[in-house]
Amino acid sequence: MKKIIIANWKMKLDYKSSLALAKQVLASVKKSQKIKSEVVICPDYLSITPLAKIFHSSPVKLGAQDSAMTDRGAFTGEVSAADLSALGVKYVIVGHSERREHLHENSSIINAKIKTSLTYNLTPIVCVGEKLMEKKSGEARKYLSKELNRALRGVKIKSAADLIIAYEPIWAISSSSSARAMSAMEAEEIQKFLKGRAARILHKNLRVIYGGSVNSKNAGEFLQQKNIDGLLVGAASINNTEFMSICSQ
Ligand code: 13P
């Protein structure tokens, strides 16, 4: 399987800037001879409909930053997986640490979102990651294992391509006060561990990607690792030159 580079634009861009950046990304991807990875853009909900038109039948794939845990119904403020899928969205980020922290998403919500996304043929990108406290106490693997078990409880997939695990150590995310990128070697060890855990739960050799302060200077090192199947990029993905440089490695 190809490596995959996923841009998580979070809520960093206004509507106009999202559309402008999407057009730049598409033009650059079409022009580039160097990009071998699959490129995915996850914009906010407001710009997802025009971006579906911009990326329609193009090499750039569309992802959502979240989707509802249940089917259609009386759920104020939610957006259904069915509608995202019908729009042409292929991927959905589930359980991002920012949603776990600020919106109090717990593992049963995350588990439900994964199952609902799969029902509508969206590929969930399931985020797990330890806090600095767990890292310092040497409990990171135990913590990650628990997060993964809870998120994937009762989940069934047909093929390895149906679900992606994103390892994002919370202390490495650029917006955290202690942010620093994890070393590629250190990430590789944990990715290998997560691959093994996920294989035990879902009986498939899933893709496991890395996220946390990835930029054009360190992306190459991460992508060279055997167990790093791609990158989930935040801050560095909202600048086209920087993002294209990451995608070209
Ligand atoms: P940064 O690349 O800004 O550290 O963000 C990582 C992230 O949270 C992507 O989902």
Side-chain angles (χ1 to χ4, degrees), residues 3-13 17-18 21 25 37-45 47-48 51 60-67 89-103 105 110 113-114 117 122-132 134-135 140 144 147-148 151 163-184 186-187 190-191 194 207-223 225 228-249:
K3 299 237 173 187
I4 184 164
I5 314 287
I6 303 171
N8 178 6
W9 288 355
K10 307 192 179 184
M11 201 181 67
K12 289 180 181 251
L13 298 170
S17 310
S18 289
L21 182 56
V25 168
S37 304
E38 181 173 356
V39 177
V40 181
I41 302 293
C42 302
D44 65 7
Y45 275 145
S47 32
I48 205 160
L51 261 63
V60 179
K61 303 294 170 233
L62 193 57
Q65 294 178 16
D66 185 39
S67 82
V89 172
K90 221 176 154 238
Y91 296 94
V92 58
I93 298 173
V94 183
H96 193 282
S97 57
E98 286 152 11
R99 294 195 64 86
R100 291 181 195 251
E101 188 190 342
H102 305 306
L103 295 145
E105 280 195 5
I110 291 161
K113 287 186 174 187
I114 295 170
S117 307
L122 296 170
T123 302
I125 302 155
V126 181
C127 300
V128 294
E130 80 282 4
K131 297 190 193 79
L132 194 58
E134 282 113 20
K135 178 182 161 59
L144 290 168
E147 266 197 340
L148 211 56
L163 192 143
I164 296 174
I165 306 292
Y167 171 52
E168 292 206 316
I170 296 171
W171 52 268
I173 293 178
S174 67
S175 52
S176 90
S177 51
S178 56
R180 60 170 182 87
M182 188 174 213
S183 81
E186 202 184 342
I190 305 248
Q191 305 268 139
L194 286 172
R207 283 174 290 180
V208 182
I209 64 174
Y210 172 78
S213 296
V214 170
N215 56 43
S216 59
K217 293 195 182 75
N218 60 23
E221 270 176 67
F222 286 114
L223 290 169
Q225 307 300 319
I228 300 186
D229 300 304
L231 300 168
L232 182 52
V233 189
S237 73
I238 57 169
N239 175 297
N240 188 48
T241 312
E242 177 74 358
F243 186 57
M244 283 309 123
S245 166
I246 294 170
C247 293
S248 308
Q249 301 190 34

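Order of listing sets the numbers, starting from 1, for every ligand and every atom in it.
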* Sequence-distant partners of K10, side-chain contact (heavy atoms from CB on, under 4.5 Å), two or more places apart -> N8, K12, H96, E98, I173
* If we only count heavy atoms from C-beta on, is the L223 to I5 side-chain gap below 4.5 Å? -> yes
* Asked: Which atoms of ligand 1 sit under 4.0 Å from any heavy atom of N8?
  -> 9 (C), 10 (O)
* Below 4.0 Å from any atom of ligand 1, is there a heavy atom belonging to A236? -> no
* Does S237 reach the main-chain N or O of V233 with its side chain, forming a donor-acceptor pair under 3.5 Å? -> yes
* To do: From the options V89, I6, V60, select the one residue that forms a side-chain contact (heavy atoms from CB on, under 4.5 Å) with V40.
  => I6
* **S213 touching ligand 1 at heavy-atom level, < 4.0 angstrom** => yes
* To do: Starting from atom 7 (C) of ligand 1, find the nearest protein heavy-atom neighbour and note its residue, name and distance.
  => E168 OE2, 3.0 Å
* Please write down residue, atom name and distance for the protein heavy atom closest to atom 2 (O) of ligand 1. => G234 N, 2.9 Å
* **Flag, side chain of K135 to backbone of I170, donor-acceptor distance under 3.5 Å** => no
* Pair L103-D66, side chain to side chain contact (heavy atoms under 4.5 Å, CB included): steps then yes or no -> CA-CA 12 Å; L103 295 145; D66 185 39; over 6 Å; no
* Structure fact -> Under 4.0 Å from one or more heavy atoms of A235, ligand 1 contributes atoms 1 (P), 2 (O), 3 (O)
* Restricting to pairs with a member in residues 207-223, which pass side-chain hydrogen bond (donor to acceptor under 3.5 Å, both in side chains), not counting sequence neighbours? -> S216-E242
* Asked: Which of the atoms in ligand 1, numbered in the order shown and given with their element, are less than 4.0 Å from a heavy-atom of G212?
  -> 4 (O)
* **Residue and atom name of the nearest protein heavy atom (relative to atom 1 (P) of ligand 1), distance in Å to one decimal** => S174 OG, 3.5 Å
* Asked: For ligand 1, which part of I173 has a heavy atom less than 4.0 Å away: the side chain, the backbone, both, or neither?
  -> both
* Does a donor on one side chain sit under 3.5 Å from an acceptor on the other, for W9 and Q65? -> no
* **Protein contact of atom 5 (O) of ligand 1 - nearest heavy atom, named by residue and atom, plus distance** => K10 NZ, 3.3 Å
* Asked: Which of the atoms in ligand 1, numbered in the order shown and given with their element, are less than 4.0 Å from a heavy-atom of H96?
  -> 7 (C), 8 (O), 9 (C), 10 (O)
